[in-house]
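Heads up: numbering here begins at 1 and tracks the sequence. Atom set for the values below is all heavy atoms of this structure, side chains included, hydrogens, waters and symmetry mates excluded.
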Amino acid sequence: MARDRTSPEEYTRPLRRILVGGLVFLLLALFLLWRIDSPRVERFRAALVDRVVPSFAWAMLPITKAAEMVENFQSYTRIYEQNQELRRELQQMKAWREAALQLEQKNARLLDLNQVRLDPKLTHVTGVVLADSGSPFRQSVLLNVGARDGIRDGWATMDGIGLVGRISGVGQTTSRVILLTDSNSRIPVTVQPSGQKALLSGDNTSAPPLEFLEKQDLVRPGDRVISSGDGGVFPAGLLVGQVALGVDGRLRVRLAADYERLEFLRVLRSHESETIHETGALIPPPVAPMVSGPMPEADASPPTTGGAGG
């Protein structure tokens, strides 16, 4: 049987042989070119490398991008860890900031307690507020000073700026302070500059009302309110607050003491007034000295305006 000369193998087989032979020859030429030790060949090799090697950058592009992705991922990981660490440090800084603010407030209160000018005859004991009543119907706080510190019922308490209340209940190591805002609190006050006397009555609100004003027309919002000292309840001249007009139209007092941050209170030692147990003799007004001898009779005749006629 005759062989079919039109089959594809008759054409591809010689072509493969030519390509393999050419590749072998090229590789052999490159090998010999790299083995020849000659300055001219060396320059040729350098020129060939400069010409061919940069063209392989496209082949290295995937590897380069993969390396960049790995490096970026590691960078993002480091940034995330740093972010978490900064968050923890920021949380700690917030805690330190809160502690610093509390210490600053305590320091300011202590400075106020030391700088307020009161009657030099009044001495005081400073106590720390332990707790409050926590009831909307009873406004009071508990101090860490008591009978062992010489505390007595009725003594006035201040926060370093204004009057806070009075001692009502004394234990051995603690005492309770009824605040001016308590419904059981009643203190006599004076409104300046008019000098009007009034009664500050607590009603469980932050601005207790003024009652029994003598002349309400003389009192204006913004007037200064101080303790009057009437009745010997409180020493006179203690700052209470300022007059304000309430939403109900009543005159109220915006208290000078900061009831939101009662941390330290100054308990004023009140001097006991002397008690008079018996009445004394009346003191009459001064009398002119008496003249001895008979009193001259009064002349009842009318006075004469002219001389005597004969």
Side-chain angles (χ1 to χ4, degrees), residues 105 109 112-113 116 118 127-143 151-171 174-268 270:
Q105 293 171 359
R109 290 296 165 192
D112 289 335
L113 289 172
V116 171
L118 298 175
V128 178
V129 176
L130 299 178
D132 56 20
S133 62
S135 170
F137 305 104
R138 184 173 177 83
Q139 305 287 331
S140 63
V141 295
L142 195 66
L143 293 181
I151 305 299
R152 297 184 183 179
D153 276 331
W155 283 3
T157 59
M158 301 184 67
D159 72 339
I161 299 177
L163 189 64
V164 172
R166 60 181 173 84
I167 299 294
S168 177
V170 180
T174 59
S175 57
R176 183 168 294 278
V177 178
I178 296 295
L179 305 181
L180 298 182
T181 55
D182 188 86
S183 58
N184 296 319
S185 175
R186 303 285 189 278
I187 64 167
V189 295
T190 302
V191 182
Q192 294 179 342
S194 62
Q196 297 297 306
K197 299 295 183 66
L199 193 68
L200 183 66
S201 302
D203 60 350
N204 292 328
T205 64
S206 58
L210 286 173
E211 298 180 348
F212 305 109
L213 274 169
E214 297 175 353
K215 295 181 180 180
Q216 187 171 347
D217 297 338
L218 299 179
V219 179
R220 298 287 184 271
D223 289 351
R224 193 166 180 262
V225 180
I226 61 174
S227 60
S228 65
D230 295 340
V233 179
F234 288 144
L238 301 180
L239 177 62
V240 178
Q242 289 183 333
V243 177
L245 186 62
V247 294
D248 55 355
R250 302 176 64 185
L251 290 177
R252 295 177 174 270
V253 176
R254 185 182 297 111
L255 300 175
D258 189 359
Y259 281 74
E260 297 295 330
R261 288 184 290 270
L262 291 180
E263 298 179 357
F264 303 93
L265 291 184
R266 170 188 291 180
V267 183
L268 303 181
S270 300

Inset, instruction - Kindly indicate, with the supporting measurements, whether the criterion side-chain contact (heavy atoms from CB on, under 4.5 Å) is fulfilled by L239 and R224. - result: CA-CA 8 Å; L239 177 62; R224 193 166 180 262; 3.7 Å; yes
Minimum heavy-atom separation for [X] and [Y], please, with both atom names.
{"X": "R166", "Y": "N184", "value": "NH2-O, 3.8 Å"}
{"X": "G165", "Y": "F234", "value": "O-CZ, 3.8 Å"}
{"X": "S201", "Y": "P209", "value": "O-CD, 3.0 Å"}
{"X": "S183", "Y": "N204", "value": "N-OD1, 3.4 Å"}
{"X": "A236", "Y": "S228", "value": "CB-O, 3.4 Å"}
{"X": "V170", "Y": "R152", "value": "CG2-C, 3.9 Å"}

Inset, instruction - Please answer whether the main-chain N or O of R176 pairs with a side-chain N or O of S140 as donor and acceptor at a distance below 3.5 Å. - result: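 The answer is no, because no donor-acceptor pair under 3.5 Å joins these two groups.
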Legend entry - Donor-acceptor pair, side chain of S185 and main chain of G202, under 3.5 angstrom: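 Between the backbone of G202 and the side chain of S185 there is no qualifying donor-acceptor contact (under 3.5 Å).
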Atom pair [atom1] ([X]) and [atom2] ([Y]), whose distance is rounded to the nearest 0.5 Å:
{"X": "R220", "Y": "L245", "atom1": "CZ", "atom2": "CG", "answer": "11.0 Å"}
{"X": "I161", "Y": "D258", "atom1": "CD1", "atom2": "CG", "answer": "7.0 Å"}
{"X": "L179", "Y": "T157", "atom1": "CG", "atom2": "OG1", "answer": "7.5 Å"}
{"X": "D223", "Y": "T190", "atom1": "CG", "atom2": "OG1", "answer": "12.0 Å"}
{"X": "D203", "Y": "D182", "atom1": "CG", "atom2": "CG", "answer": "10.0 Å"}
{"X": "L218", "Y": "S194", "atom1": "CG", "atom2": "OG", "answer": "5.5 Å"}

Inset, instruction - Answer whether the closest heavy-atom distance between the side chains of V129 and L143 falls below 4.5 Å. - result: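 Touching, per the 4.5 Å side-chain cut-off.
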Inset, instruction - Find out whether V240 and L200 are in side-chain contact, i.e. whether some heavy atom of one side chain is under 4.5 Å from a heavy atom of the other. - result: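 Contact flag for V240/L200 side chains = yes.
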Inset, instruction - Please lay out, stage by stage, how L238 and L268 fare under the test side-chain contact (heavy atoms from CB on, under 4.5 Å). - result: CA-CA 11 Å; L238 301 180; L268 303 181; 3.7 Å; yes
Legend entry - salt bridge (charged side-chain N to carboxylate O under 4.0 Å, His left out) partners of R250, counting only residues at least two apart: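 Once residues adjacent in sequence are excluded, the partners of R250 under the salt bridge (charged side-chain N to carboxylate O under 4.0 Å, His left out) criterion are E211.
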Legend entry - Evaluation steps, side-chain contact (heavy atoms from CB on, under 4.5 Å), between I167 and V177: CA-CA 5 Å; I167 299 294; V177 178; 3.7 Å; yes
Legend entry - Within residues 231-249 or reaching into it, pairs that qualify as side-chain hydrogen bond (donor to acceptor under 3.5 Å, both in side chains) - sequence neighbours excluded: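 Only D248-R252 qualify under side-chain hydrogen bond (donor to acceptor under 3.5 Å, both in side chains).
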Inset, instruction - Please lay out, stage by stage, how I187 and L199 fare under the test side-chain contact (heavy atoms from CB on, under 4.5 Å). - result: CA-CA 6 Å; I187 64 167; L199 193 68; 5.8 Å; no
Inset, instruction - Assess whether atom CZ of R186 is packed by more than 12 heavy atoms of other residues, nucleotides or ligands within 6.0 Å. - result: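 Enclosed.
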